[in-house]
Protein chains: 2
Amino acid sequence: MDTEREYDVLSVDCPSRMILNRIGDRWTLLIIVALSREVLRFSQLRARVGGATPKVLTQTLRALERDGLVSREVFPVVPPRVEYRLTELGRSLLEPIAAVKKWAETHVEEVLEARERADAMASAASEAMSSASSSMARPRAGVLG
Amino acid sequence: MDTEREYDVLSVDCPSRMILNRIGDRWTLLIIVALSREVLRFSQLRARVGGATPKVLTQTLRALERDGLVSREVFPVVPPRVEYRLTELGRSLLEPIAAVKKWAETHVEEVLEARERADAMASAASEAMSSASSSMARPRAGVLG
DNA sequence: CAGTATCCCACGCGATACTG
DNA sequence: CAGTATCGCGTGGGATACTG
């Protein structure tokens, strides 16, 4: 069975595009990473994933559950206890994610350096443009243009 | 040199978070994939990456250039000719991306099936709630809540 | 504890048109 | 050909407060 070219991310209408959009949001990857080693309760997840508000956490978890990547188990006790764990499908995402995570952690510095160099160049160019004026040439600090 | 735990994506202020935000946008991954096998000109890139308008293409390419992942070569001819290629740093991103891409392409269907099942469940639950009424219970078609 | 409920806004992105 | 320039909107997501 050659399923190599069945899907193509570069194609506009390819379903695999949707996957990228899904895991490309701000919290999905982080939650999966957090759940990679242990089953976690809601508040534990909150504590582990820095910056996540209950709202985004719930949204993302619901979406992950819907897509079969995470399972949610409710214990009928009081106070409530809810546990989240990766499904097998979710765990299968761990490898690719680990690769990305590792890349991110090992190459941040190179990226940051490249960025600084680029900004320095741009800044120098701006100054050259405005002759010897002191026009403060903004170094384009934002991520995207 | 043990640099294992120097960075942690789960930490709010970790720089590696930024990397995820960068490659998590709508076009970055696609452009890198497109450039994985060949050097491409602007319009070729546009043709390959389905749906990309010149604006987003330029934005993303500039950002990639700034971060040292893509290099831009301008040929002083008319009509203009500009070639984009991955830098070595950019090429190093190819492996993790390929892993994600492969996962996306091989597991879309499972995700889609899980989603349909979840929606069917939710829909059934809604109908049960409204007794035998014909209240159209919307199956929550959107990606996120 | 595990969420909901609102309000609100930045901004990523698309559409469209124009230029060196 | 390889971009810029504008305009506008959809919505992801932050802040805050409330609830079973």
Side-chain angles (χ1 to χ4, degrees), chain A residues 12-13 17-18 20-31 34-35 39-67 70-85 122 129 140-145, chain B residues 12-13 17-18 20-31 34-35 39-66 70-85 122 140-145:
Chain A
V12 223
D13 51 347
R17 277 270 187 113
M18 189 235 320
L20 294 182
N21 292 340
R22 270 305 324 282
I23 67 178
D25 74 7
R26 197 165 182 72
W27 302 107
T28 297
L29 285 195
L30 302 179
I31 288 179
L35 290 176
V39 174
L40 290 175
R41 303 177 55 173
F42 190 83
S43 45
Q44 294 177 316
L45 218 31
R46 262 204 87 178
R48 283 205 153 238
V49 181
T53 62
K55 182 189 159 192
V56 292
L57 206 52
T58 304
Q59 280 183 344
T60 312
L61 283 169
R62 292 287 188 275
L64 284 170
E65 194 189 359
R66 186 167 98 108
D67 290 346
V70 160
S71 71
R72 174 173 181 271
E73 186 175 8
V74 182
F75 296 86
V77 297
V78 32
R81 175 187 188 87
V82 179
E83 288 184 355
Y84 294 91
R85 77 187 64 216
M129 288 297 290
R140 249 54 211 84
V143 172
L144 241 39
Chain B
V12 225
D13 51 346
R17 276 271 187 110
M18 188 237 319
L20 294 183
N21 292 341
R22 270 305 326 282
I23 68 177
D25 75 6
R26 199 166 180 71
W27 302 108
T28 297
L29 286 195
L30 302 179
I31 287 179
L35 290 176
V39 173
L40 291 174
R41 304 177 55 173
F42 190 84
S43 44
Q44 294 177 316
L45 217 32
R46 261 204 88 178
R48 283 205 154 236
V49 181
T53 61
K55 182 190 160 191
V56 292
L57 207 51
T58 304
Q59 280 183 345
T60 311
L61 283 168
R62 292 288 188 274
L64 284 168
E65 194 189 0
R66 185 167 100 109
V70 160
S71 71
R72 175 172 180 270
E73 186 175 8
V74 183
F75 296 86
V77 297
V78 33
R81 175 187 188 88
V82 179
E83 287 182 353
Y84 294 92
R85 77 186 66 216
R140 250 53 210 84
V143 171
L144 241 39

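These values consider heavy atoms only, across backbone and side chains, with no hydrogens, waters or symmetry-generated copies.
With distances taken from any side-chain atom of Trp27(A) to the nucleotides dA2(C), dG14(D), dG3(D), the minimum falls on dG14(D). Checking dA15(C), dA2(D), dG20(D) against every side-chain atom of Pro80(A), the shortest atom distance belongs to dG20(D). Distances were taken from every side-chain heavy atom of Val56(B) (C-beta onward) to each of dG14(D), dT4(C), dC13(C); the shortest belongs to dC13(C). Closest to the side chain of Thr58(B), out of dG3(C), dT4(D), dC13(C), is dT4(D).
Asp25(B) has its CG atom 16 Å from the C1' atom of dA10(C), to the nearest Å. Rounded to whole angstrom, the span from the CZ atom of Arg62(B) across to the C1' atom of dA5(D) amounts to 14 Å. Note: CD (Gln59(A)) to P (dT6(C)) measures 14 Å, nearest angstrom. Note: CG (Leu29(B)) to C1' (dG12(C)) measures 16 Å, nearest angstrom. Atom CG of Asn21(A) and atom P of dG12(D) are 10 Å apart (whole Å). Here dC1(C) presents its C1' atom at 14 Å from CZ of Phe75(A), a figure rounded to the nearest Å. To the nearest angstrom, C1' of dG13(D) lies 15 Å from CG of Leu61(A). Atom-to-atom, CG of Leu57(B) to P of dC1(D) comes out at 14 Å; the value is rounded to the nearest Å.
Checking side-chain atoms of Arg26(B) against main-chain N and O of Asn21(A) turns up no donor-acceptor pair under 3.5 Å.
For Arg72(B), a side-chain nitrogen or oxygen approaches OP1 or OP2 of dG3(D) to under 4.0 Å. Considering only side-chain N and O atoms, Arg41(B) lies nowhere under 4.0 angstrom from the phosphate OP1 or OP2 of dC1(D). Phosphate contact (OP1/OP2 of dC1(C), side-chain N/O of Tyr84(A), threshold under 4.0 Å): absent. Applying the 4.0 Å criterion to OP1 and OP2 of dC1(D), one finds that Arg46(B) has every side-chain N and O outside that range. For the OP1/OP2 pair of dT11(D) and a distance below 4.0 Å, the side-chain nitrogens and oxygens of Arg26(B) include no atom meeting the criterion. Between Ser43(B) and the phosphate of dA2(D), there is a side-chain N or O to OP1/OP2 separation shorter than 4.0 Å.
Side-chain contact between Arg62(A) and Gln59(A): absent, with no pair of heavy atoms (C-beta onward) separated by less than 4.5 Å. In this structure, the side chains of Arg48(A) and Ile31(A) stay at 4.5 Å or more apart for every pair of heavy atoms. When side chains are defined from C-beta on, Leu30(A) counts as touching Leu20(B), because their heavy atoms get closer than 4.5 Å.
Base pairing annotation: dG3(D) forms a Watson-Crick or G-U wobble pair with dC18(C), both donor-acceptor distances under 3.5 Å.
Annotation: of the two residues near DNA chain C, Arg81(A) and Lys55(A), the 5′-most nearest-nucleotide partner is Arg81(A).
To the nearest 0.5 Å, the span separating CD on Glu65(B) from OG1 on Thr58(B) amounts to 11.0 Å.
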